[in-house]
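Since the structure comes first, as structure tokens, the remarks are kept for the end.
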Amino acid sequence: TQQPSDDSSERNGDGAGDGFKSVVEQILSETDLPEDMMASIAKDLSSQAEQESQETGSNKRYVDLNSQVGREITTESHRCDLGEESLRDGVLNSAKLRSQIVGLLQAQSRARHSHREYGSRFDSKRIARAMTGERRIWKHKEQKSMVDTSVHVLLDTSGSMGEDQVIANSATVSLALAISAIPKADVAVSIFPGVTAGVSPLIKRKAPVRPNLARFAVSSGGGTPMADAMFYAARELANVSKRNRKVLIVITDGAPNCGASVEYVNQLIASEVDVYAIGINSDAVRHYFENSQVISNVGQLQAALFGLAKQFLNVA
């Protein structure tokens with residue numbers, strides 16, 4: 001794999017520039033990039049962001065992305081110390097959410113019947129209309145189906161979450177359980193900050209969710225490297241998933257270490273990944289994410305999650 005070019009002419013073409021496009025393509029198409037290459041890409045992104053800020057007179061902070069991935073969260077991890085009982089509301093809500101989603105998909109994917117001016121199946125009930133000049137007398141059946149979808153859920157476990165961590169954990173386990181049970185959909189879950197790095201996998205794609213529920217009972221602590229986590233999740237979606245649609249859902253209190261980095265990653269992945277957010281007791285997510293829901297207690301969880309699910313589990 002070749003290193004990203006340092007030629008400034010490649011970075012400063014029309015619009016975002018050819019250099020910018022090549023960086024995006026590297027991140028979203030390369031498989032098994034070595035850590036030094038990921039660090040190089042992250043550094044390149046930071047340099048571009050700083051240069052763009054200088055050129056536009058923007059006051060955005062320097063974008064800093066850490067490409068390191070921490071150890072996978074396991075049931076024995078010291079982070080999983082809230083106990084599986086703390087996830088009870090999330091598990092209960094997942095069953096309701098799954099039922100809602102299944103009903104939604106059945107309604108949306110049901111065949112739609114209409115009439116056209118041509119076809120192979122004549123509607124005998126429209127003979128009278130044909131006599132008066134009506135030409136739409138041919139039956140037409142249109143079957144819709146759900147777009148195959150991969151979802152990556154990022155769970156904020158930073159110190160600022162505090163008592164809201166239980167709500168966030170419940171939201172995460174609800175989504176993971178519901179999505180994993182839906183045909184043509186799969187899910188991966190990660191936390192930030194991770195163990196020894198900015199992000200750690202909690203449930204890898206295609207891994208079973210229900211046998212690993214205890215992993216979701218994570219406690220809070222540390223900073224909020226949201227951009228680092230999004231950077232990792234976008235790459236995971238591109239490299240691991242073969243499905244047509246890719247969705248990233250961030251569950252957070254909405255206060256990242258560096259807002260400029262989050263905005264930059266959002267711009268970077270916008271054409272490849274649909275991004276959504278659930279704010280826990282905070283409207284801050286609305287500053288960083290166009291598609292978001294805000295909840296303040298577990299009772300609002302089902303409606304908020306279904307609101308998001310209606311958007312990303314649509315049919316074509």
Side-chain angles (χ1 to χ4, degrees), residues 82 86-101 104 149 151-179 187-193 199 202 216-230 233-234 246-267 269-270 273-314:
L82 292 184
S86 67
L87 303 171
R88 179 176 176 274
D89 290 330
V91 174
L92 292 176
N93 274 282
S94 73
K96 299 174 185 176
L97 176 63
R98 185 167 60 251
S99 296
Q100 281 185 312
I101 292 175
L104 170 70
T149 302
V151 181
H152 197 126
V153 182
L154 290 177
L155 170 62
D156 185 349
T157 61
S158 62
S160 62
M161 294 294 291
E163 295 180 357
D164 293 331
Q165 192 66 59
V166 171
I167 302 176
N169 293 352
S170 292
T172 305
V173 80
S174 285
L175 272 173
L177 282 171
I179 295 168
V187 65
V189 182
S190 302
I191 68 168
F192 62 98
V199 60
L202 192 150
F216 290 82
V218 289
S219 55
S220 55
T224 314
M226 188 183 297
D228 301 340
M230 293 174 65
K246 306 179 193 307
V247 175
L248 171 59
I249 301 175
V250 182
I251 300 178
T252 178
D253 61 357
N257 287 348
C258 178
S261 297
V262 171
E263 292 173 358
Y264 202 75
V265 173
N266 266 325
Q267 294 173 20
I269 67 178
V273 181
D274 295 328
V275 182
Y276 302 86
I278 296 177
I280 309 296
N281 267 327
S282 172
D283 291 332
V285 290
R286 291 173 177 155
H287 297 297
Y288 303 103
F289 301 99
E290 183 177 348
N291 301 304
S292 64
Q293 298 278 340
V294 176
I295 64 174
S296 58
N297 58 66
V298 177
Q300 299 171 340
L301 186 58
Q302 185 182 346
L305 294 180
F306 185 58
L308 286 182
K310 283 197 298 185
Q311 296 179 65
F312 68 78
L313 290 177
N314 64 352

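For reference, positions follow the sequence shown, starting with 1.
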Look at the side chain of Thr157 and the backbone N and O of Phe192, then say whether any donor-acceptor pair between them is shorter than 3.5 Å.
-> yes
Considering only heavy atoms from C-beta outward, does the side chain of Leu155 approach that of Gln165 to under 4.5 Å?
-> yes
Heavy-atom nearest pair, Val285 first then Val294, reads CG2-CG2, 4.0 Å
Which heavy atom of Ala176 sits nearest a heavy atom of Val189, and at what distance?
-> CB-CG2, 4.1 Å
Between CD1 of Ile295 and CD1 of Ile280, what distance do you get to the nearest 0.5 Å?
-> 4.0 Å
Distance in Å, Leu154 CG paired with Leu202 CG, rounded so as to fall on 0.5 Å steps = 11.0 Å
Residues in side-chain hydrogen bond (donor to acceptor under 3.5 Å, both in side chains) contact with Ser190, at least two apart in sequence or another chain | His152
Could you grab the distance from atom CD1 of Ile167 to atom CG of Asn281, nearest 0.5 Å is fine?
-> 5.5 Å
Rounded to the nearest 0.5 Å, what's the gap from CD1 on Ile251 to CD1 on Ile191? Could you check?
-> 13.0 Å
Identify the two heavy atoms, one from Asn266 and one from Tyr288, that lie closest to each other, and give their separation to 0.1 Å.
-> ND2-O, 2.9 Å
Among all residues two or more places apart in sequence or in another chain, which pass the side-chain hydrogen bond (donor to acceptor under 3.5 Å, both in side chains) test with Ser160?
-> Ser158, Asp253
Any side-chain heavy-atom pair of Val187 and Leu175 under 4.5 Å | no
Any donor-acceptor N/O pair, Asn257 side chain to Thr224 backbone, under 3.5 Å = yes
List in chain and number order the residues that pass salt bridge (Lys or Arg N to Asp or Glu O under 4.0 Å) with Arg286, two or more places apart in sequence or in another chain; answer none if no residue qualifies.
-> Asp283
Minimum heavy-atom distance between Leu87 and Ala217, given as atom pair plus value | CD1-N, 4.0 Å
Asp228 versus Val199: any side-chain heavy-atom pair under 4.5 Å?
-> no
Residues Asn169 and Val218: closest non-hydrogen pair is ND2-O, 2.9 Å
Atom CE in Met226, atom SG in Cys258: separation rounded to 0.5 Å?
-> 11.0 Å
If you look at every heavy atom in Asp156 and Met161, which pair is closest and at what distance?
-> O-CG, 3.6 Å
